[in-house]
2 protein chains.
Amino acid sequence: MTPVTYDVEQSSNYNFINLKTGQKEIPFGEYLFQRVLDSGTKSIFGVPGDFNLPLLEYLYEPQLINQGLRWIGNCNELNAAYAADGYSRYSNKIGCLITTYGVGELSAMNGIAGGFAENSKILHIVGVARSIDSRCKNFKQRNLHHLVPNLIDSNFNGPNHKIYYEMIKDKICCSAEYLEDIDQVCNQVDKVIMDIYKYSKPGYIFVPVDFVNMTVPINNLLKTPKINLMDCIKPNFEEEENIIQITKLIQDLLYKSKTPAIIGDVLTDRYGGKELINRLINETHLWNFSSVNGKSIINESNPTYMGLYNGDEGPTLVKERFLQCDLILNFGVDINEVNQGHYTFKYKQDCQLIELHPNYIRFSKPNMDDGNKEEQIFKGINFIHILKLLVESIDVGQLRHQYPVSIKPFKTEELNFNHDPESQIITQTYIQNKFTTYLNPGDVVVCETGSVQFAMRDLVLPNQLKYISQGFFLSIGMALPAALGVGIAMQDFPRYHLSKDNDNEIPKDYIPRLILLEGDGAAQMTIQELTSMIRFNVPIEIMLWNNNGYTIERAILGPTRSYNDVMQWDWTKLLQAFGDFDNRTNSCIIKTPKELAQKMEQLRKGNKTKSIELMEVKMETLDYPKQLTHMVESAKVKKIKPSTII
Amino acid sequence: MTPVTYDVEQSSNYNFINLKTGQKEIPFGEYLFQRVLDSGTKSIFGVPGDFNLPLLEYLYEPQLINQGLRWIGNCNELNAAYAADGYSRYSNKIGCLITTYGVGELSAMNGIAGGFAENSKILHIVGVARSIDSRCKNFKQRNLHHLVPNLIDSNFNGPNHKIYYEMIKDKICCSAEYLEDIDQVCNQVDKVIMDIYKYSKPGYIFVPVDFVNMTVPINNLLKTPKINLMDCIKPNFEEEENIIQITKLIQDLLYKSKTPAIIGDVLTDRYGGKELINRLINETHLWNFSSVNGKSIINESNPTYMGLYNGDEGPTLVKERFLQCDLILNFGVDINEVNQGHYTFKYKQDCQLIELHPNYIRFSKPNMDDGNKEEQIFKGINFIHILKLLVESIDVGQLRHQYPVSIKPFKTEELNFNHDPESQIITQTYIQNKFTTYLNPGDVVVCETGSVQFAMRDLVLPNQLKYISQGFFLSIGMALPAALGVGIAMQDFPRYHLSKDNDNEIPKDYIPRLILLEGDGAAQMTIQELTSMIRFNVPIEIMLWNNNGYTIERAILGPTRSYNDVMQWDWTKLLQAFGDFDNRTNSCIIKTPKELAQKMEQLRKGNKTKSIELMEVKMETLDYPKQLTHMVESAKVKKIKPSTII
């Protein structure tokens, strides 16, 4: 807030020449935003603060605006981080946010950690104190606003200007550069962006406020005009050889397999393999399974879709299919307790498992009597190259799979949700029964962490629907601002999630809908970001499942405890309060299954009355979807053998 | 969210005996809450999560409830941290919050850092994974929800269960204990609480979810039934000697001084010296000054009050008075750029400066030609003991001060705010002219970071009014949830901020008002916490200064830039949306000075129509108080000499 010294000298007509080198230079602020654009990103989220204001001035440079650069101001920094995460999840580009020293960056931290845990590409630019201040003897002893002083004798010792950088470095980001030498900044910026693509994790750049108006050479811009995912993970010669060899190995195993299957897990999408995996499925007709974290990566309407596999925590029907498979190709696998059903994945006897990771490929036989003795690991290989080569080189004629003819593709109806058709109450079971009829192929659904998230797991989604949910890190409140980010990305890259292969399946004039599934307790965490949906004209349908508090926590402990209660709100008044002065929103309360069915049908047909629709759907406080109950029970049962304690 | 295994065996009638020792034991969950109560705290803020649910169950133990324990559920964790900070600022006890592993604790981080920077006593209890999980060989390789995995080969290496602890330790807290051995936990809890009092900074306790139902001995409870501030900073014998010696030194200087003066800075309040310093002033009639961060610690209506001193950034009138003083006693001083007017403090030639810190006392002559050569530092002494001894032992008869008779006590009117009486616009100048007429002695004002915060600085506040503002860390959005915490503390400790000495001055039946001064941009950051004011029946008057965005940033850069804009809201609809179903709130729009004057008069007289009043006060977008402009200008002017760069 207290200002720092800088000169506002920038202009859109600048043409700086470095007198020493004779080369053209541009202000670093422009360089930074140009690099964001070069990485494919157009919108930047964030909140202004005195340490980033001079950088934000570069948002108005015509040559950047002409490339699509725009500022999406958020209500707070956590929301900005969530929005950047959503932007990245939709676009598979980098979600970028700008915050200010301390007060801003720390507020965003949980959003960045979530991006780290869930492999989101987020660039967090933090405006920090002048470089000169942190290197200046006088100032080292001085306590700056937004900066925590030292604990002891804070008035003798200088504060640590890099304290927040030290907090996040090597913890919740794959790359972090605190800029200190103007001669290094271009390479540092490029490195962080390339690391974000390489690791598919968040990165940080800490930008001293006095650097943004200093000029830097444009060599990097000329040498590498664009920074793409594929360039960042390009294999070297030796790796190319390994890729060919491993792909051959996989092909040989596939040609021998009677019952091979594919899992499309989350990193397949993060490394740009969504079209490839669906092409592989379409061409080979291999059985295929979704995962919790990778849901909707493979088109679940494909004719050999066998359900979402989640070990003991998924439906028995799916497990039975999975246990028939003698070869599993798990593409882009992310191993964590949610995605692996609390580590209850089972395999057929002698099944060959191939896990394809971004940094290694693992062959094993998990269900051999002698354990993992046949394990073979190839390190340093990104699976995406293997997937690509596999699609290009597979000889379908050599496949010999013979799946049991009795087994049909998985359908939602098989789960037999027992909904009483006479009931006047909207239940989780009812939602599970009816929800997919609400969706069109190609729509985008963002689902909040909570009880309804569990209800969604096993539903077979329409073709090319993009489903976004923070299924592992599980930070409630994330989905609402994330949906803003998704909506902004859908503006920047219309129909970007739709396959280029199968474009015909979605009518050319169909505008994919953005649907947010939100819970009342979670919504209260980040509710103010609704205003940004109005501000930036994000069309959205919001299903606000109002079950009177933290129902997901009630399922675990304290079903009737007050700590799981939240305030009852008049949800239908919110959008008006948040600035809908020109009547662009519609809010309503839905109490019965009939009303819900009617509304869903109306919206599915595109008969929205307003750009933003908010439906408060009344549900029962203690209504848990059976997947949630099942997860709670199975997690409780697990005991640890004392012998394994170290 | 995913549950962890535990047994709910607790009961309010438990009477555990340790079979080995024969001693009575209680569940650790009860121990922890008992210790919170023993430190003086009654209300606990926070948000439930699966790693803290079993702990929250102990909120319902009758023997704890009987001592006043209660749960204040917040909308999100950052708000909970801010509320805990406000609770502590009002009560000078520990503000306590409970969050969950990762998603919760990280969201609260900026609130904790603010507490650290501003010396607030905050206890952050984080529910974490089972102790058995983090020590178990099998589980070490497993990625838990809410926990970030490792960056590389996350599926081979176990995640670091203590990663978040490592992020905050030695950074934004004075004490942090990650509980790992049930035999140590009681001492660890006590240590963190004592450290919080000792350093007046936040502390963390990370509680494995499986520990809360384990039993622990009650020895500590018997040995030290209460944990008080004074016990935590008790001097040893040697320190006692030093305290006597230093106090004598100060007395001698005081007895010789012609124009001595006192500054009452922020740590005076944090270490419980507010009554002492006012008693010292009342008995000695020494000149006295407020500071930005210590505003309202000394009663500004006292007859020798000389204004708020902030070096070159404060009013010249005040500086002129200050520069007359040959001896300055700066009690509880906190040295930072805001509090020291960007390090522009000036002193009279040969002035003797005595800075009284919590861990050292410094004697110096800052305006000697030879610099600080006369500096003398006594380390390891908490100033509060000296203040106490000084008040007890000062011989008023020996004082020889002779202040210039022409100089009168400082009055707000001296600042000559030029408000046009005909104007129909509510300006910062108008507010500065009229604001103190809105206040009664003994009221409590919480002021948001923003432009109005600068307008408040120099106003002479009524007697015993408590003014709370985050003047150094300056995290916008903090004040609204902090006001909730203040209101909860006012319920727990009614009239606690009023002097016991001068109780007569405030009528016994007067119920101090809680007033929140809030800006529109800041309010949007944390607005949902308004709902908790309704939920927990916190009477409050909210002045929402609506100046169309981040006016404080506009004063620094980009006055008309879109990045400083926020959405216009219909503020008067908010409280209804946030759950005022039984009409306990009143919201209105105030457009003219006349309307504002009428409303302020009505409220000052106690004629509230509802328990919660929200006034949206319309102001001009580019209206800056002159203190803000002054600060911006003087901070810009400062240049660093190249020679001082290291």
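Contact annotation for Asn119(A): neither backbone nor side-chain heavy atoms come within less than 4.5 Å of a heavy atom of chain B. Residue Asn79(B) does not touch chain A at all, counting heavy-atom pairs closer than 4.5 Å. Proximity to chain A (any heavy atom under 4.5 Å) is restricted, for Ile172(B), to the side chain, taken from C-beta onward. Only the side chain of Leu78(B) comes within less than 4.5 Å of a heavy atom in chain A; its backbone stays farther off. Contact annotation for Ser562(B): both backbone and side-chain heavy atoms come within less than 4.5 Å of a heavy atom of chain A. At a 4.5 Å heavy-atom cutoff, the contact between Leu147(B) and chain A is made by backbone atoms alone. In this structure, chain B has no heavy atom under 4.5 Å from any part of Glu105(A). Only the side chain of Tyr550(B) comes within less than 4.5 Å of a heavy atom in chain A; its backbone stays farther off.
Between chain B and the options Thr572(A), Asn76(A), Asp570(A), the largest number of non-hydrogen pairs under 4.5 Å is found for Asp570(A). Options Gly114(A), Cys174(A), Gly46(A) differ in how many heavy-atom pairs under 4.5 Å they form with chain B, and the most are formed by Cys174(A). Between chain A and the options Leu59(B), Val103(B), Leu106(B), the largest number of non-hydrogen pairs under 4.5 Å is found for Val103(B).
Aromatic ring orientation, Phe578(B) versus Trp569(A): tilted (interplanar angle from 30° to 60°). Ring pair His146(B)/Phe473(A) is perpendicular by interplanar angle, where above 60° counts as perpendicular and below 30° as parallel.
Put simply, the side chain of Arg561(A) does not reach to within 4.5 Å of the side chain of Leu56(B), judged on heavy atoms. Taking 4.5 Å as the limit, some side-chain heavy atom of Arg535(A) sits within range of a side-chain heavy atom of Met567(B).
The side-chain hydrogen bond (donor to acceptor under 3.5 Å, both in side chains) test applied to Lys171(A) returns no partner, not counting sequence neighbours.
In this structure, OG1 in Thr531(B) is found 10.0 Å from CD in Gln568(A), a value given to the nearest 0.5 Å. Here the straight-line distance linking atom CZ of Arg554(A) with atom CG of Leu53(B) works out to 11.0 Å at 0.5 Å rounding. Here the CD1-CD distance, from Ile476(B) to Glu77(A), works out to 7.0 Å after rounding to the nearest 0.5 Å. For the atom pair CG of Asp580(A) and NZ of Lys573(B), the computed distance is 9.5 Å after rounding to the nearest 0.5 Å. Atom CG of Leu144(A) and atom CG of Leu474(B) lie 11.5 Å apart (nearest 0.5 Å). Of the inter-residue distances, the one linking Tyr563(A) atom OH with Leu55(B) atom CG reads 9.5 Å to the nearest 0.5 angstrom.
Judged purely by atom type and a 3.5 angstrom limit, Asn143(B) uses its side chain to pair as donor or acceptor with the backbone of Ile335(A).
Contact detail for Val148(B) and Phe116(A): the closest heavy-atom pair is CB-CD2, 3.7 Å. Minimum heavy-atom separation, Lys201(B) to Pro149(A): NZ-CG, 4.4 Å. Looking at every heavy atom in both residues, Ile527(B) comes nearest to Gln528(A) through N-NE2, 3.8 Å.
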